[in-house]
Protein chains: 2
Amino acid sequence: MVTLADVARQAGVSASTVSYVLSGKRSISEETRRRVERSVTELGYHPNAGARALAARRSQIIALVVPLRADVYVPVMMEIAVSVTVAARRHGHDVLLLTKDEGPAGVRRVAGSGLADAVILMDVEVDDERVPLLRAQGTQAVLIGVPDDRRGVSCVDHDFATAGALCADHLADLGHREVAFVGYGSGVYHRHAGYAEHTLAGFRERAERRGLRFVQRPCEGTYESTAGTLGRILADRPETTGFVVQNEGAIGPLLGLLRTSGRTVPEDASVIALCPEQLAEQYAPRLTAVTGPAQELGRVAVEQTMGRIAALDRGEEPRDELVLLTPVLTVRESTGPAPRQGSRP
Amino acid sequence: MVTLADVARQAGVSASTVSYVLSGKRSISEETRRRVERSVTELGYHPNAGARALAARRSQIIALVVPLRADVYVPVMMEIAVSVTVAARRHGHDVLLLTKDEGPAGVRRVAGSGLADAVILMDVEVDDERVPLLRAQGTQAVLIGVPDDRRGVSCVDHDFATAGALCADHLADLGHREVAFVGYGSGVYHRHAGYAEHTLAGFRERAERRGLRFVQRPCEGTYESTAGTLGRILADRPETTGFVVQNEGAIGPLLGLLRTSGRTVPEDASVIALCPEQLAEQYAPRLTAVTGPAQELGRVAVEQTMGRIAALDRGEEPRDELVLLTPVLTVRESTGPAPRQGSRP
DNA sequence: TTGTAAGCGTTATCAC
DNA sequence: GTGATAACGCTTACAA
């Protein structure tokens with residue numbers, strides 16, 4: 001193994017000079033710099049990560065905790081993980097992959113041992129038990145998701161309220177007057193999951209402002225529950241022509257059931273989904289959808305992480321940020337102008 | 001930060017004793033062990049990862065290189081990544097996530113700096129440029145996939161030949177006599193991608209042995225190419241009743257086209273896919289499919305990695321293994337008995 | 001069974 | 001602009 005000392009010897013300078021050439025933390029004469037850089041490449045020197053971490057008290061590693069089971073749509077999770085990795089590399093950091101099933105212990109371990117300089121958590125719960133631990137440990141952390149108490153950490157998430165509002169606007173723009181919001185199972189709302197509540201609130205507020213009549217119905221996402229949900233909607237409000245679906249599991253069944261009930265999409269009924277693009281593209285007809293920028297999520301999380309570490313290096317207290325990313329509406333084939341009143345039998 | 005010395009002081013023993021209690025590398029009296037363990041928990045001691053890596057010359061980290069783009073079906077990739085992480089933890093190791101776009105440089109960096117003790121590569125090409133580098137560096141490596149020259153590394157992959165054979169057997173068992181293999185685009189075969197060639201060879205060999213008549217047709221996986229492929233098959237061999245599809249992109253189109261051509265699956269034509277379970281479950285009808293055990297792939301890769309590291313620790317030369325995992329055939333709704341001869345118009 | 005001490009390869013503080 | 005040198009926190013012969 002090639003060490004700093006080896007490079008120093010062959011370049012005819014001291015070890016500290018080599019170190020400073022590499023870190024750029026003090027001015028070096030052109031002459032010396034060149035000699036050192038030459039030796040570095042000639043010998044194929046790579047600074048030892050352990051030694052560096054020990055001396056600098058920084059590992060240049062951030063830990064990323066991913067959910068073990070696919071609560072999130074898996075390709076999106078992967079997209080976030082990869083974008084975190086790529087962004088971290090741009091900042092000279094590497095990413096350590098942890099699974100959520102290690103629980104708080106995993107976070108304690110990597111932060112406590114100095115293995116990671118900071119952690120990024122995915123799949124955050126409103127009362128996530130890892131957050132108080134992070135705070136107590138003084139571990140720098142960024143959450144992808146927003147817990148109730150976010151003191152001591154930074155957060156980034158989709159702007160669900162805007163997502164909901166975009167749906168209401170789009171349907172209103174198309175002339176729909178009577179619409180339905182097919183949400184998650186009622187359990188999700190009972191535990192006050194932020195993404196579900198904010199979406200609904202954003203939708204509701206905008207729908208009211210635009211003068212839409214609407215119903216909101218929970219839905220478990222199975223075929224049966226979707227059938228039940230849709231049946232009730234059509235029984236209560238037979239004039240409903242616009243549907244907003246947030247529950248990904250309900251999309252397929254809903255499309256099938258609408259067809260079965262004799263309604264053509266988008267001629268008789270418009271459907272707009274809150275889901276990833278990949279998913280929206282996959283149905284027939286392809287779905288008009290509101291989608292959050294998954295890669296941005298990872299990139300911003302890394303920026304926030306770096307910001308916190310930098311603050312610490314300057315001896316400042318890191319700021320607890322909250323960034324909400326604006327989703328975009330992509331119009332595809334599943335939405336169209338509202339049918340004329342009474343055109344259905 | 002709590003250090004070894006802190007623990008030693010409060011337990012009234014030397015630093016090395018604490019170290020040995022923790023590593024179990026020499027026998028310790030019950031009395032001492034208890035005192036040390038008590039201090040460890042009381043003080044909340046976590047061994048410093050950098051210091052440990054520096055002194056032990058082992059980071060207890062393995063690097064996992066994942067493809068950046070979804071050449072592989074993403075959920076499966078994620079499943080493998082997670083299973084690698086979980087398996088590594090069981091062996092006291094952590095996983096560093098690298099993306100393939102860093103190329104050979106990434107591998108050189110993490111191994112050269114001692115950041116990782118070994119690397120696991122996904123998405124391996126037959127003439128992968130990272131393999132010679134690994135060999136030259138003496139970096140311990142395990143590949144998920146099999147390159148042409150696998151000297152100096154261990155490999156684990158699906159047993160594609162068996163997968164192909166299982167397809168032939170199943171169709172033969174159901175009484176089909178005339179079958180078609182819808183493969184990948186011809187480019188894949190021209191560059192001799194192992195998974196494609198081995199599957200086809202396994203299928204062919206077994207089909208011949210079972211007396212099946214068959215054609216093999218490449219297919220790019222788009223709707224248009226699938227239409228072309230199927231059209232040619234039905235023109236050349238109108239009596240074809242069994243289809244094997246390896247190209248995931250071609251599955252949806254094929255099912256749609258068979259329907260359009262007036263053939264009902266599985267009454268008129270049987271379709272068997274080589275794909276992940278999740279995908280097979282997702283079509284209507286649900287697909288009979290041959291699937292490799294993705295989680296096993298990750299687990300075995302980690303076992304192989306640990307084996308190589310252990311060999312090194314014993315001063316032995318690590319053995320270059322090749323493990324092929326047997327896929328399983330799951331019968332679902334897309335295959336059935338061959339229709340009676342001439343039952344089609 | 002336990003202790004002493006010499007590294008491991010960097011970084012960073014002092015000096016010059 | 002450059003060079004000694006003392007940490008950094010742990011592992012592991014070597015002694016006792």
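Values reported hereafter were calculated over all heavy atoms of this structure, with side chains retained and with hydrogens, waters and symmetry mates removed. By convention in this document, chain letters (A, B, ...) are assigned in the order of the sequence lines, proteins followed by strands, and residues within each chain are numbered from 1.
Taking the side chain as every heavy atom from C-beta outward, B:Val36 and B:Thr32 approach each other to under 4.5 Å.
In this model, no donor atom of one side chain and acceptor atom of the other lie less than 3.5 Å apart for A:Asp159 and A:Thr326. In this model, a donor atom of one side chain and an acceptor atom of the other lie less than 3.5 Å apart for A:Ser14 and A:Thr17.
Summarising the local packing, CZ of B:Arg26 is surrounded by more than 12 heavy atoms from other residues, nucleotides or ligands at distances under 6.0 Å.
Residues from residues 28-43 of chain B placing a heavy atom under 4.0 Å of any atom in DNA chain C, listed by number, are B:Ile28, B:Ser29, B:Thr32.
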Base versus backbone protein contacts along nucleotides 11-16 of chain D [heavy-atom cut-off under 4.0 Å; B, S, -]:
BBBB--
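Taking NE2 of A:His93 as the start and OG of A:Ser59 as the end, the distance is 8.0 Å to the nearest 0.5 Å. In this structure, A:Gln10 CD and A:Tyr45 OH are separated by 13.5 Å, a value rounded to the nearest 0.5 Å.
With sequence neighbours left out, the side chain to side chain donor-acceptor pair (under 3.5 Å) criterion links B:Arg299 to B:Glu296. Checked against salt bridge (Lys or Arg N to Asp or Glu O under 4.0 Å), A:Glu30 has the following partners two or more places apart in sequence or in another chain: A:Arg33, A:Arg34. The side chain to side chain donor-acceptor pair (under 3.5 Å) check on A:Glu321 picks up A:Gln304, with sequence neighbours excluded.
Atom CG of B:Asn48 and atom P of D:dG9 are 7 Å apart (whole Å). Atom NE2 of B:His46 is separated from atom P of D:dC10 by 12 Å (rounded to the nearest Å). We find that CD of B:Gln60 is positioned 13 Å from C1' of D:dC10, with the value rounded to whole Å.
Contact annotation: B:Thr3 side-chain N/O to D:dG9 OP1/OP2 distance is not under 4.0 Å.
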Could you walk me through whether B:Leu96 and B:Leu64 pass side chain to side chain contact (heavy atoms under 4.5 Å, CB included), step by step?
CA-CA 6 Å; B:Leu96 200 76; B:Leu64 173 69; over 6 Å; no
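Where DNA chain C meets chain B (any atom under 4.0 Å from a heavy atom), the bounding nucleotides read 5' to 3' are C:dT1 to C:dG9.
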